[in-house]
Amino acid sequence: MIDFKAIEEKWQKKWLEEKIFEPKIDEREKFYITVAFPYLSGHLHVGHARTYTIPDVIARFKRMQGYNVLFPMAWHITGSPIVGIAERIKNRDSKTIWIYRDVYKVPEDILWTFEDPKNIVKYFMKTARETFIKAGFSVDWSREFHTTSLFPPFSKFIEWQFWTLKKKGLVVKGAHRVRWDPVVGTPLGDHDIMEGEDIPILEYVLIKFILMENGEEIYLPAATLRPETVYGVTNMWLNPEATYVKAKIRSKGKEEVWIISREAAYKLSFQDKEIEVIEEFKGEKLIGKWVKNPVTGDEIIILPAEFVDPDNATGVVMSVPAHAPFDHVAIEDLKKETEVLLKYDIDPRIVGEISYISLIELEGYGEFPAVEEVEKLGVKSQKDKEKLEQATKNIYKAEFHKGIFKIEPYKGKPVQEVKDLIAKDMKDRGKADMMYEFAEKPVISRFGNQAVVKIIHDQWFIDYGNPEWKEKAREALARMKIYPESRRAQFEAVIDWLDKKACARKIGLGTPLPWDKEWVIESLSDSTIYMAYYTISRHMNRLREEGKLDSEKLTREFFDYLFLEEFSEKREKELEEKTGIPAETIHEMKEEFEYWYPLDWRCSAKDLIPNHLTFFIFNHVAIFRKEHWPKGIAVNGFGTLEGTKMSKSKGNVLNFIDAIEENGADVVRLYIMSLAEHDSDFDWRRKEVGKLKKQLERFYELISEFAQYEEKDVELMDIDKWLLHRLNRAIEGATKALEEFRTRTAVQWAFYSILNDLRWYMRRTEGRDDEAKRTTLRKLAEIWVRLMAPFTPHTCEELWEKLGGEGFVSLAKWPEPDPEWWNESIELEEDYIKNLIEDIKEIISVARLENARRAYIYTAKEWKWKVAQVVAEKRDFKASMSEVMKDPEMRKRGKEVSKLIQKLIKDRAFDFKRIDEEKALKQAKDFIESEIGLEIIINPDEDKGGKKRQAMPMKPAVYIE
RNA sequence: GCGGGGGUUGCCGAGCUUGGUCAAAGGCGGUGGACUCAAGAUCCACUCCCGCAGGGGUUCAGGGGUUCAAAUCCCCUCCCCCGCACCA
């Protein structure tokens, strides 16, 4: 057994000691790659491992190619989840404790310190760093930092970023709707919601129907998602059993009196409305009264309906029976229940005479689509709720997409358009208002309270909706490389779609907004340009360690100079005065920024495209000069575990660190890199990992063995040359794949393809043990180890040492194809032999020739090769024929030639490459014989079985007896 | 609803950008064989259907089209996944 663990520790120690991954500026070309730093609310699992392994592999590859590579790492602790965890630990929440104690295996004595969020951060920062070191990541740890005010120099950097954005008018104040816990008084993110986190918020239009009471206008705001149907209202619905209120509504300096459900009054009080309830009463009080449609002026009656939910929007509903199944059915029901009407003193004739108003032309339906749909689905009464809902859905969808409006002044326009026009018009003229409401209920906060929709003011936004900014972001994207390229469309869509993004909140860890300290910059907003901070972070850390850094003095002008201005000795002197940092150091920082920027690659998992990665583009173009705009983004997919989604709350995770402990870092790295390409997801399977481990052991053993060989200057045999040629191919394939972040293909070339070729080579050279073979294998070993080094760096360091390589393999030169090794005809010959063996085997099995003794092989005659060459050039029967027939020798066998050309054309054998078949056969004779267990006779004079003429170039005729 | 991406042979998953060399890589699973006292590991062969001579047939969600030629290009239909924000 190979002790991978010892090997890994040995090299990790050496790398750290010799600081080989801590680059300084030098004359080499730079390569700067970063990955989205992890949020430390727990351990990283093998799904995350992919995100971090890819850039490490690329960094290692580029380093070997001779670039000066910077690959830094930091930690993200901004936001509320960590605070929330601390809270739940403090409350002894059993699930949280289970996750941290049993899934993340946090020692008990440390677990209880998690009541303080700082300890969570401390613990996971330490373990994450250990994990990354154990994974063999070639990170420059001298630049490590973390976010929030707990790390003042970075916090100052974020303050600078926000001042800069604000100065450019990109941070603005405004109102915004949020889900809100009315008891605790806090906005609710997805993580803060216990039930109903998927429920969307709808925007209802409230159409203010007019009720005259003692000469005074009172409004009944009917809530609707289809404002265009205001033209088809025949009556109004109220729930007679529900409690309604009459209330003074003050909004935007105006005061009106509304009648709405009691629940609505409560909910509207969170939506910019001041509400003063005058009286409370049952809905029945209003049944039978008449109200005026504010748009058409029609007088309509208020009728009772049990389907009206007082807890949905205003609890006031307008009735459009021609286009709303619920309304139609309710009217039909009422027609049958005259006693109900009499109870409210309503003349049943009024209901009987309600005439439907058709508004929308809909293909496939007549005048009243709702009526038809109700009949079609067989709805009997209001009790058929499910069917009614289905009918409503069908009609709504059909009318919205295909409906044409029939009423002036919107006649002939699609409903889709009219809808917004009418809503806007009503609002502008004060005839309508609006209200936010959950599409479904309940929505319960994690504190156990029923959530409401609140409009909050004084909210700070980053204005991603700014058109000029968008334009710049588009330009930057167009100049960037995106891997995989197929994701570009999504980036474009996100840039178009992004609008004002709330950038600060009142809870959680973070950097306070510098001009409004009660707000804390939220986590997606403080992580957009920190790649620039890495460039100066080494110096910051050093100054900090030496106690020479007063973060309070890191002013805006300091960062302005480093990141935005030209070099200036004078400025450096001034800043030395102001910051206490030596001018020389300031100069070095600026040099580093100018050297490393722009960022070459940003890596992340695909889930960050709609937010972080796009914000990253936006913020860079807003703040930095064009030459510092980022150059590329590479996104990767997730991972599943034995076919199921990883989820920490279900405990279905494999921690990255546990996977490493169990299998070794190199195995985990190689496995993850080989599983999936780009942004497709991979599936972690224990069994396969075990298999890979064995293969890696084999790799180790093979190279160890080859390391004992010496390279000599000897004549190589064809099969040796074949292996070297194949090696060239592998080098080329792996290099090209890595350039495009295609790790899976790269592993296939760098590992599996060589492994397979080697297997074939060993088979072909069985029994040979000469200097040529040893030399070949030794050459292979030296290249193979380097090709594998980005994937399995520890193992390769160890093997590199065995091979007597200079220094670290991590810094060794990436192999390039040797021009002298290219040899396509040898490859073709080898394929030729392989195909022949397969053919013979097939013949034996199909013809059931188990007792055969000999195989006669006939290669194609010279003239056939000539014909093939002509056909390959002409690719056309006539042209080939006339060309060939110029040769009198050919004319003698005209018929045969014509047949051959026909066949070649049919087979589209246009890829003409000449090999010496007989030579290849002779060299491989012993091998073929041992493979098929028959005696081989090459090109005998006797035409056995009349097969001779079947021989084609690259496909010899065979006769077996 | 809006936006992004997919449907490939038992399973996973390449290939589709630049139509032919695609019955379609690789892995897993399965079958047979070598090795072994045996198991494991390893290696070899086969793994859509048919075939007593290296061949033929039917496939790449479904339907239609372009082309000498389509898994690959175009159109339509069906189905699936992901995002929609103040949340990491």
Side-chain angles (χ1 to χ4, degrees), chain A residues 36 38-41 76-82 176-179 187-193 197-198 200 202 396-397 400-401 416 456 459-462 464 484-494 496-505 508 522-525 527 606-612 615 637-638 640 643 674-677 679-683 685 687-688 690-692 694-695 697-698 742 744-745 747-748 752-753 756 759 762-763 835-836 838-850 852 905-911 931 945 947 950 955-960:
Chain A
Y39 183 77
L40 295 179
S41 60
H76 199 204
I77 62 171
T78 307
S80 55
I82 289 174
H176 186 58
R177 62 166 177 73
V178 291
R179 289 175 295 200
L188 301 167
D190 269 351
H191 298 280
D192 305 322
I193 286 178
E197 69 272 23
D198 295 331
L202 302 175
Y396 185 99
K397 211 170 151 181
F400 179 76
H401 288 285
Q416 229 175 103
I456 51 172
Q459 170 68 52
W460 289 100
F461 293 93
I462 297 181
Y464 293 119
E485 176 60 32
S486 56
R487 283 285 168 186
R488 184 180 295 278
Q490 192 184 355
F491 276 102
E492 283 164 356
V494 172
D496 284 346
W497 165 80
L498 274 180
D499 199 357
K500 291 191 175 67
K501 147 92 184 150
C503 64
R505 43 187 338 206
E522 65 76 52
S523 62
L524 285 168
S525 301
S527 58
K606 62 186 175 187
D607 56 328
L608 297 187
I609 297 173
N611 44 61
H612 168 261
F615 298 164
F638 310 128
T640 53
S674 70
L675 271 180
E677 196 102 286
D679 63 354
S680 55
D681 302 337
F682 72 80
D683 185 30
R685 295 187 202 168
K687 206 169 166 184
E688 288 177 28
K691 218 163 165 156
L692 184 69
K694 295 234 161 60
Q695 285 174 320
E697 278 169 13
R698 182 124 181 283
R742 302 173 53 150
R744 181 193 148 100
T745 307
V747 170
Q748 260 171 13
Y752 291 107
S753 138
N756 284 333
R759 209 174 272 157
M762 290 305 199
R763 222 167 119 191
N835 290 338
L836 178 61
E838 271 171 33
D839 277 357
I840 294 175
K841 282 185 178 172
E842 193 179 346
I843 293 167
I844 292 172
S845 106
V846 172
R848 304 196 183 155
L849 301 169
E850 290 88 355
I905 300 252
K906 190 170 162 263
D907 292 348
R908 308 193 62 78
F910 300 150
D911 193 18
E931 285 286 312
K947 292 277 169 190
Q950 267 186 20
K955 195 166 178 65
V958 175
Y959 181 76
I960 295 168

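What you see below is based on every heavy atom in this structure, not just the backbone, and it leaves out hydrogens, waters and symmetry mates. The structure presented is a predicted model; accordingly, all values stated were derived computationally and were not measured. Naming: A, B, ... by sequence-line order, numbering from 1 per chain.
- Closest non-hydrogen pair, A:P610 versus A:L498, comes out as O-CD2, 4.3 Å.
- Of all nucleotides present, only B:A34 satisfies the Watson-Crick or G-U wobble test against B:U42, with each distance under 3.5 Å.
- Under a 3.5 Å cut-off, the side chain of A:E677 and the backbone N or O of A:T745 do form a donor-acceptor pair.
- Within the 4.0 angstrom heavy-atom criterion, no nucleotide atom of any strand lies near A:I840.
- Using a 4.0 Å heavy-atom criterion, one finds that A:H176 contacts the bases of the nucleic acid, with or without backbone contacts as well.
- Rounded to a whole angstrom, the distance from the C1' atom of B:G6 to that of B:A71 is 15 Å.
- With no hydrogens or angles considered, no side-chain donor-acceptor pair links A:Q695 and A:R698 at under 3.5 Å.
- In this structure, A:E842 atom CD and B:G54 atom P are separated by 8 Å, rounded to whole Å.
- In this structure, the CZ atom of A:R759 is 12 Å from the P atom of B:G26, given to the nearest Å.
- With B:C84, B:U42, B:A88 as the choices, the nucleotide that has an atom nearest any side-chain atom of A:L524 turns out to be B:A88.
- Pairing partner, B:G1: B:C84, with both Watson-Crick or wobble hydrogen-bond distances short of 3.5 Å.
- At B:C28, one or more side-chain N or O atoms of A:K691 fall inside 4.0 Å of OP1 or OP2 (strictly under the cut-off).
- Between A:E838 atom CD and B:C46 atom C1' there is a gap of 11 Å when expressed in whole angstrom units.
- Residues A:D681 and A:G637 come closest through the heavy atom pair OD1-CA, 3.5 Å.
- Among the protein residues, A:I462 comes within range of no part of the nucleic acid, since none of its heavy atoms lies under 4.0 Å from any strand.
- Among the heavy atoms of the strands, none lies under 4.0 Å from A:F461.
- Checking B:G4, B:A53, B:C86 against the side-chain heavy atoms of A:I843 singles out B:A53 as nearest.
- At B:G29, one or more side-chain N or O atoms of A:K687 fall inside 4.0 Å of OP1 or OP2 (strictly under the cut-off).
- Nucleotide B:U21 holds its P atom 15 Å from the NZ atom of A:K955, rounded to whole Å.
- Positionally, the nearest nucleotide of RNA chain B for A:A489 lies more toward the 5' end than for the other of A:Y752 and A:A489.
- Using modelled atom types, no side-chain atom of A:H612 and backbone atom of A:L524 make a donor-acceptor pair closer than 3.5 Å.
- Note on A:A957: a base of the nucleic acid sits closer than 4.0 angstrom, heavy atoms only.
- In this entry the distance linking CZ of A:R848 with C1' of B:G51 reads 9 Å, nearest Å.
- Between the NZ atom of A:K694 and the P atom of B:C28 there is a distance of 12 Å, given to the nearest Å.
- Note: CD (A:Q695) to P (B:A41) measures 12 Å, nearest angstrom.
- Contact annotation for A:P38: no contact, since no heavy-atom pair falls under 4.0 Å across all strands.
- Comparing B:A85, B:C28, B:C52 by their closest approach to the side chain of A:K501 singles out B:A85.
- Base contact: A:K500 has a heavy atom under 4.0 Å from a base atom.
- In summary, A:E522 and A:K501 engage in a salt bridge, as defined by a charged side-chain N under 4.0 Å from a carboxylate O.
- At a threshold of 4.0 angstrom between heavy atoms, the contacts of A:S80 are confined to the sugar-phosphate backbone, with no base atom among them.
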TODO: Dump the intermediate steps for ring pair (Phe, Tyr, Trp, His ring centres under 6.0 Å) on A:F682 and A:F638, then the final yes or no.
DONE: CA-CA 7 Å; A:F682 72 80; A:F638 310 128; 9.8 Å; no
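- Here B:G26 sits opposite B:C12 as a Watson-Crick or G-U wobble pair (both hydrogen-bonding atom distances under 3.5 Å).
- No contact: A:D679 has no heavy atom under 4.0 Å from any strand.
- In this structure, A:R179 reaches the B:C86 phosphate: one of its side-chain N or O atoms is under 4.0 Å from OP1 or OP2.
- Between A:S680 and B:C12 there is no side-chain polar atom (N or O) within less than 4.0 angstrom of OP1 or OP2.
- Close to B:G4, at under 4.0 Å from its OP1 or OP2, lies no side-chain N or O of A:R488.
- Across the interface with RNA chain B, nearest-nucleotide mapping of A:P187 and A:F400 shows A:F400 to be the residue nearer the 5′ end.
- At a threshold of 4.0 angstrom between heavy atoms, the contacts of A:T78 are confined to the sugar-phosphate backbone, with no base atom among them.
- The backbone N or O of A:A957 lies less than 3.5 Å from no partner atom in the side chain of A:K947, so there is not a single donor-acceptor pair.
- B:C84 atom C1' lies 11 Å from atom CG of A:N611, rounded to whole Å.
- Counting only heavy atoms from C-beta on, A:R698 has its side chain closest to B:C43 among B:C43, B:C28, B:A45.
- Taking the side chain of A:D839 as heavy atoms from C-beta on, and the options B:G54, B:A53, B:C86, the nearest nucleotide is B:G54.
- Under the Watson-Crick or G-U wobble criterion, with both distances below 3.5 Å, B:C73 is paired with B:G65.
- The side chain of A:R763 sits closest to B:C44 out of B:G4, B:A88, B:C44.
- Residue contacts for A:E677: at a heavy-atom cut-off of 4.0 Å it reaches no nucleic acid atom on any strand shown.
- For B:A25, the base has a donor-acceptor partner in the side chain of A:R744 [N/O atoms by modelled type, under 3.5 angstrom].
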